Participant: 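This is the structure I want to talk about, given as structure tokens.
Computed from a predicted model, the values in this text were never measured in an experiment. Order of appearance sets the numbers: ligands from 1, and atoms from 1 within every ligand.
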Amino acid sequence: MSQAKVLVVTGHGTNCHGETAYAARQAGADRVSICFFSDLTSEKENIRDYNLLIFPGGFLDGDDLGAAQAAALRWMYSSTESGRQIIRDLEEFYTDGGLILGICNGFQLLVKLGLLPAMDRAYFQRQVSLTHNDSSRFEDRWVHLGCNPGSPCVFTRGLDRLYLPVRHGEGKLVCRDETMLNSLEENNLVALKYIHPDTRGPTQEYPYNPNGSPSAIAGLTDPQGRILGLMPHPEAYNHPTNHPGWTRGEQDILGTEILARGIEYLHSC
Ligand SMILES: NC(=O)CC[C@H](N)C(=O)O
């Protein structure tokens, strides 16, 4: 059994790191640290000392140039003080079996870095993007989600339906064409979809699909299932009283279950 060592990486404008670290502890992590991106370049922290990397939600660099765009460039082109490229550390971290979770702004970073969906195992090549919601406004609401039982994703393993909050302006997935969208489905890289509360099937209907994402895509995984990026915030449903209907006795599976599945996977390694 290996320990689950979690690193939550923040930057200017990140605002969900504290809650995400709390949720990781609740989910059973053995060690949780929060570090700033510059702690990596100054070599105060090294991602190779961890096995679960979390990119939390927020507004990195004020969403200038598009959400997480500047941060993606920073990851691609920054080096440590001793001259090691940060991106090589990230690559080795993943090749050695690490898990990566990107929540909302973190998901935006993962697609812009090309870590998701990494179709045909083409890691670090940008294949899709996330853009402005169809509503042209920030959407802040709870959504119903269905997990894909055929997906290799370790974070959603055994989960069926979830109810989680979203809060974003740029959550609509963009694919080059219909063929790419179909390949995402065929390769089971779609881990989570927005579903309609009545039919319980994938939906394009607003506001159940809050951004107009094609095929109702809310979260993606990679071919190895060790990376998950999702627009909803699992860390924000870490206690029954976070549920908007808790005073009426309403409850769903806690969002922290997503983190717990990843941590269980690490414990089993
Ligand atoms: N909650 C978040 O992480 C916000 C995501 C993002 N910056 C957006 O508004 O699209």
Participant: Tell me if the CZ atom of Arg200 is crowded by more than 12 foreign heavy atoms within 6.0 Å.
Facilitator: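 Atom CZ in Arg200 is not crowded, with 12 or fewer foreign heavy atoms closer than 6.0 Å.
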Participant: Please list the nearest protein heavy atom to atom 4 (C) of ligand 1 with its residue and the distance rounded to 0.1 Å.
Facilitator: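 Result: Gly58 O, 3.2 Å.
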Participant: Report, in ascending order of atom number, the atoms of ligand 1 lying under 4.0 Å from any heavy atom of Phe138.
Facilitator: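 Within the 4.0 Å cut-off of Phe138, ligand 1 contributes 9 (O).
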Participant: Can you tell if the side chain of Ile258 reaches within under 4.5 Å of the side chain of Leu230, non-hydrogen atoms only?
Facilitator: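 Side chain of Ile258 against side chain of Leu230, heavy atoms only: contact under 4.5 Å found.
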Participant: Would you tell me which option among Asp140, Asn105, Asn133, Asp63 has the nearest heavy-atom contact to atom 7 (N) of ligand 1?
Facilitator: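 It is Asp63 that holds the nearest heavy atom.
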Participant: Looking only at protein heavy atoms, which one is nearest to atom 10 (O) of ligand 1, and what is the separation?
Facilitator: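 Closest protein heavy atom to atom 10 (O) of ligand 1: Glu170 N, 2.8 Å.
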Participant: Could you say whether the N/O atoms of Gly57 and ligand 1 ever approach to under 3.5 Å?
Facilitator: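 Min N/O separation from ligand 1 is not below 3.5 Å for Gly57.
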Participant: Quick one: do Arg261 and Glu257 make a salt bridge, cutoff under 4.0 Å?
Facilitator: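 Counted as a salt bridge, because a side-chain N and a carboxylate O are separated by less than 4.0 Å.
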Participant: Answer yes if the ring centres of His243 and Tyr237 are under 6.0 angstrom apart, and no otherwise.
Facilitator: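 Yes, ring centres under 6.0 Å apart.
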Participant: Using a 3.5 Å distance criterion without hydrogens, assess whether the side chain of Asn51 forms a donor-acceptor pair with backbone atoms of Gln3.
Facilitator: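 It does hold such a pair.
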Participant: Answer yes or no: does an N/O atom from His168 fall short of 3.5 Å to an N/O atom of ligand 1?
Facilitator: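 In this structure, His168 places no N or O atom under 3.5 Å from an N or O of ligand 1.
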Participant: Return the orientation label for the Tyr163 and Trp142 ring planes: parallel under 30°, perpendicular over 60°, tilted otherwise.
Facilitator: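 Ring orientation of Tyr163 relative to Trp142: tilted.
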Participant: Identify, by atom number and element, the atoms of ligand 1 in contact range of Gly169, meaning under 4.0 Å from any of its heavy atoms.
Facilitator: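 Selected atoms, number and element: 8 (C), 9 (O), 10 (O).
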Participant: Closest non-hydrogen protein atom to atom 6 (C) of ligand 1, residue and atom name please, with distance?
Facilitator: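 Heavy-atom neighbour on the protein nearest atom 6 (C) of ligand 1: Gln108 OE1, 3.3 Å.
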Participant: Taking 4.0 angstrom as the limit, do Asp96 and Arg48 come out as a salt bridge?
Facilitator: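 Judged by the 4.0 Å cut-off on N to carboxylate O distance, Asp96 and Arg48 do form a salt bridge.
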Participant: Note the single closest protein heavy atom to atom 1 (N) of ligand 1, along with its residue, its atom name and the distance in Å.
Facilitator: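 Of the protein heavy atoms, Arg167 O, 2.8 Å lies nearest.
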Participant: To the nearest 0.5 Å, tell me how far Leu101 CG sits from Phe155 CZ.
Facilitator: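 So the gap between those two atoms works out to 5.0 Å.
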Participant: Write out the residue and atom name of the closest protein heavy atom to atom 2 (C) of ligand 1, then the distance separating them to 0.1 Å.
Facilitator: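 Ranked first by proximity to atom 2 (C) of ligand 1 is Cys104 SG, 3.0 Å.
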Participant: Does the residue Met231 have a heavy-atom contact with ligand 1, meaning some pair of atoms that are separated by less than 4.0 Å?
Facilitator: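 Met231: no contact with ligand 1 (<4.0 Å).
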